[in-house]
Amino acid sequence: MATRKYKCKVCGYIHEGDKAPEKCPVCQAPSSEFELMDETGAEGTASAKKKGINKNGNAYILTYTTIIVVIVALLLSITSGALKSRQNANVELDKKKQILSSLPALTLEGQDAAQLFANHIQHIYVLDANGMIVKDLDPVKDFNYAPAAGEILIYMAEVDNETKWIIPMNGKGLWGAIWGYIALDDDRNTVNGVFFSHASETPGLGANITTTAFRNQFNGKHIMQNGAFASIAVMKVGQKADGQDQVDALSGGTITSKGVETMLRTSIAPYEPFLKKSVAQPEQVETEVE
């Protein structure tokens with residue numbers, strides 16, 4: 001059996017043997033003041049022979065960081081899952097508010113937007129490329145219906161006992177996406193109102209597409225000319241459009257203004273076959289759906 005070495009912690013005397021001496025022959029310190037040395041001669045207790053965790057090592061730091069990241073990610077995932085239904089409900093409510101905002105006769109302030117939507121949006125029709133109604137969706141239950149290829153959606157509203165047709169629009173401004181809704185009177189031609197929004201247009205310039213002053217210019221304009229779709233031009237002050245109704249562009253927001261003009265044209269054009277039809281009576285709508 002190998003001889004062990006014990007070191008006096010008081011004076012440094014090293015004793016070789018199976019156990020520490022009862023007293024240090026140099027300083028007379030008791031055996032409790034001796035500590036066992038490891039095989040290399042380093043000081044330490046018997047438990048120090050066992051390797052512990054090096055909290056200053058890269059492996060420990062990496063492991064600790066990984067555990068923390070996993071725990072945080074798990075907590076975020078659980079929180080996100082718990083809040084997902086509420087987030088989806090908020091997104092849906094915001095979309096309903098945007099649709100209703102295209103109808104100038106309705107006031108959203110202080111109103112229950114969800115109830116207002118249910119009261120005024122009577123149908124969501126799915127149209128095919130020929131402008132035929134192929135599906136009549138429930139505005140509440142089927143609000144999040146995703147159109148298939150070749151399908152487009154149009155919302156039918158009843159406001160003050162008058163029918164309004166609302167078309168969704170999507171386009172691109174100077175810095176990012178722009179979108180909105182345009183509401184038409186029952187003649188499917190005269191603009192009743194519009195709503196515009198954006199992702200990142202310049203405040204005070206392109207972002208002014210959301211202002212009441214810009215939006216109100218569209219009220220009463222016509223998207224059809226001589227029985228054909230013509231859209232609405234957005235022109236600099238003093239310029240004249242040929243064969244189109246027009247509104248004034250934003251001062252300092254030319255690119256965003258032209259983005260709105262392009263969005264109107266490209267978003268409404270697929271609806272031309274439907275817009276050119278005579279106003280559908282209830283029995284005609286039922287026939288189309290069948």
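Aromatic ring centroids of Trp165 and Tyr271 lie 6.0 Å or more apart. Taking the six-membered ring wherever Trp is involved, the centroid distance between the rings of Phe218 and Phe196 falls below 6.0 Å.
Here the options are Leu103, Ile154, Ile182, the test is side chain to side chain contact (heavy atoms under 4.5 Å, CB included), and the partner is Ile166; only Leu103 passes.
Taking Ile, Leu, Val, Met, Phe, Trp and Tyr as members and joining any whose side-chain heavy atoms lie under 4.5 Å apart, directly or through other members, the hydrophobic cluster of Leu75 also contains Ile67, Ile71. If you chain together ILVMFWY residues whose side-chain heavy atoms come under 4.5 Å of each other, Leu174 ends up grouped with Trp175, Ile255.
Around the CD atom of Glu22, the shell of radius 6.0 Å holds no more than 12 heavy atoms that belong to other residues, nucleotides or ligands. Few gaps surround CG on Asp138; more than 12 heavy atoms of other groups in view lie less than 6.0 Å from it.
A distance-only check finds a donor-acceptor pair linking the side chain of Arg215 to the backbone of Val194 [under 3.5 Å]. Proximity of a side-chain donor or acceptor of Lys258 to a complementary backbone N or O of Val234 within less than 3.5 Å is detected.
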Using a 3.5 Å cut-off and no angle test, enumerate the donor-acceptor pairs between side-chain atoms of residues 111-119 and protein atoms at least two apart in sequence or in another chain.
residue, atom, partner, partner atom, Å
Asp112, OD1, Ala114, N, 3.1
Asp112, OD1, Gln115, N, 3.3
Gln115, NE2, Asn119, OD1, 2.9
Asn119, ND2, Gln115, O, 3.2

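Lys172 is not listed as a side-chain neighbour of Ile178, based on a closest heavy-atom distance of 4.5 Å or more.
For the 3.5 Å distance criterion, the side chains of Tyr145 and Glu151 qualify, holding a donor opposite an acceptor.
Stacking of Lys9 on the aromatic ring of Phe34 is not recorded, the 6.0 Å distance cut-off and the 45° axial limit not both being met.
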